[in-house]
Number of protein chains: 2
Amino acid sequence: MARLLQEIEPAPVACCTPVVSPDISSDQAQTLAAIFKALADQHRVRIVNLLANAPEPVCVCDFMPQLGLAQGTVSFHLKKLLAVGLLEREQRGTWAYYSLKRDALNRLADVFTMKEAVA
Amino acid sequence: MARLLQEIEPAPVACCTPVVSPDISSDQAQTLAAIFKALADQHRVRIVNLLANAPEPVCVCDFMPQLGLAQGTVSFHLKKLLAVGLLEREQRGTWAYYSLKRDALNRLADVFTMKEAVA
DNA sequence: AGAGAAGATTGACGTTTCTCGATCAATACT
DNA sequence: AGTATTGATCGAGAAACGTCAATCTTCTCT
């Protein structure tokens, strides 16, 4: 379980050493904290939720009315989620579409899963 | 607790891919964000990790050397985790012992659990 | 009652975060 | 070329956060 952190890219990617794995290092704690920090805002939680329910990538212009935030602020939040590898960005002409990285989310669920044996 | 991820539903497609309707409310988003906020710090992640591996409740005095923080700061962090229901506090004489609320962690894991729909 | 010890709380200070309006870069359409 | 339009970035101000030293508060033991 603790090896999940080692196999990630040099770039920040969502995932993770389980919070329940034995003796995580300061670095690992920091990586995990960074991911939680990205989720530690009500607007970003809603973004993730909206994307989770969306069958396809969502355009930035759709987030603004949903969240009631200025365009620059929406970009700010999307960037935070992107930075930790929770989201994916795709450019289509003038528009930017964002989608959830489902596997990152799944690995995040494992972070909280308690296991007795680590084989 | 609010379920973050729901089953994927087909949504009408317009100019910019409208977002689906079954969102979580602002209140629910705020509640979730508060929990993530409690975990959005490397020291608090380590506290949870240490508690997850401890067979018994842990004394405050044990956290200080582990985290390398002043006593007041440790209390500050423990209070944050306590406030969102992740920890439990038990007074034993002069000492205060903290332990993890395992069920709270398990429910947190469910927040990320994806019910995959057939695309 | 008085002395000690553990831990919670307070006050102060520097850092980070969120927000908006404004600007900039890139793409699309006349 | 010229003009919109989308979205990223910048600058600034307000609020929230993390930290420590100092100060309670509570409990224990003489």
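Quick caveat: nothing in here was measured; it's all calculated off a predicted structure. Chain A is the first sequence line, chain B the second, and so forth, proteins listed ahead of strands; every chain is numbered from 1.
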May I ask you to verify if any side-chain N or O of A:Arg92 is less than 4.0 angstrom from the OP1 or OP2 atom of C:dT27?
no
Report yes if the side chains of A:Asn106 and B:Phe112 come closer than 4.5 Å at any heavy-atom pair, otherwise no.
no
Exercise: identify the closest heavy-atom pair between B:Lys101 and B:Gly85
CD-O, 3.2 Å
Nearest-Å distance for atom pair CD1/C1', residues B:Ile47 and C:dG7:
14 Å
With a 4.0 Å cut-off on heavy atoms, is B:Tyr97 in touch with a base, just the backbone sugar-phosphate, or nothing at all?
nothing
Between B:Cys61 and A:Arg44, who's closer to the 5' end of DNA chain C by nearest nucleotide?
B:Cys61
Using a cut-off of 4.0 Å on non-hydrogen atoms, how would the nucleic acid contact of B:Gly72 be classed: base, sugar-phosphate, or nothing?
base
On the nucleotide C:dA8, are OP1 or OP2 found under 4.0 Å from the side-chain N or O atoms that B:Lys79 carries?
no
Show each protein N/O and nucleotides 12-16 of chain C N/O combination with a separation under 3.5 Å, one pair to a line.
none

Sequence neighbours left out, cut at 3.5 Å: what donor-acceptor pairs do the side chains of residues 86-94 of chain B make with other protein atoms?
residue	atom	partner	partner atom	Å
B:Arg89	NH2	B:Gln91	OE1	2.2
B:Glu90	OE2	B:Arg92	NE	3.1
B:Gln91	NE2	B:Gly93	O	3.0

So, is A:Thr94 close to the C:dT27 phosphate, meaning a side-chain N or O under 4.0 Å from OP1 or OP2?
no
Nucleotides bounding contact with chain B, strand DNA chain D, heavy-atom threshold 4.0 Å:
D:dC17 to D:dT28
In the structure I gave you, are the side-chain heavy atoms of B:Val60 and B:Trp95 within less than 4.5 Å of one another anywhere?
no
Is A:His77 near enough to C:dT19 that one of its side-chain N or O atoms lies under 4.0 angstrom from OP1 or OP2?
yes
What is the distance from CH2 of B:Trp95 to P of C:dA6, rounded to the nearest Å?
7 Å
Quick one: the side chain of A:Gln91 and the base of C:dA26, do they pair up donor-acceptor inside 3.5 Å?
no
Take the protein atom CZ of B:Phe63 and the nucleotide atom P of C:dG7, then report the distance between them rounded to whole Å.
11 Å
Got A:His77 and A:Leu69 here, is their nearest side-chain heavy-atom distance under 4.5 Å?
yes
Are A:Gln28 and B:Val45 close enough that some pair of their side-chain heavy atoms sits under 4.5 Å apart?
no
Nearest-Å distance, CD (B:Glu90) to C1' (C:dA6)?
15 Å
For the residue pair B:Ser75 and B:Lys79, establish whether any side-chain heavy-atom pair is separated by less than 4.5 Å.
no
May I have the distance from B:Phe76 (atom CZ) to C:dT9 (atom C1'), rounded to whole angstrom?
12 Å
Picking from A:Ile35, A:Asp41, A:Leu39, what satisfies side-chain contact (heavy atoms from CB on, under 4.5 Å) with B:Phe36?
A:Leu39
Smallest separation among heavy atoms of B:Leu51 and B:Tyr98, with atom names:
CD2-O, 3.3 Å
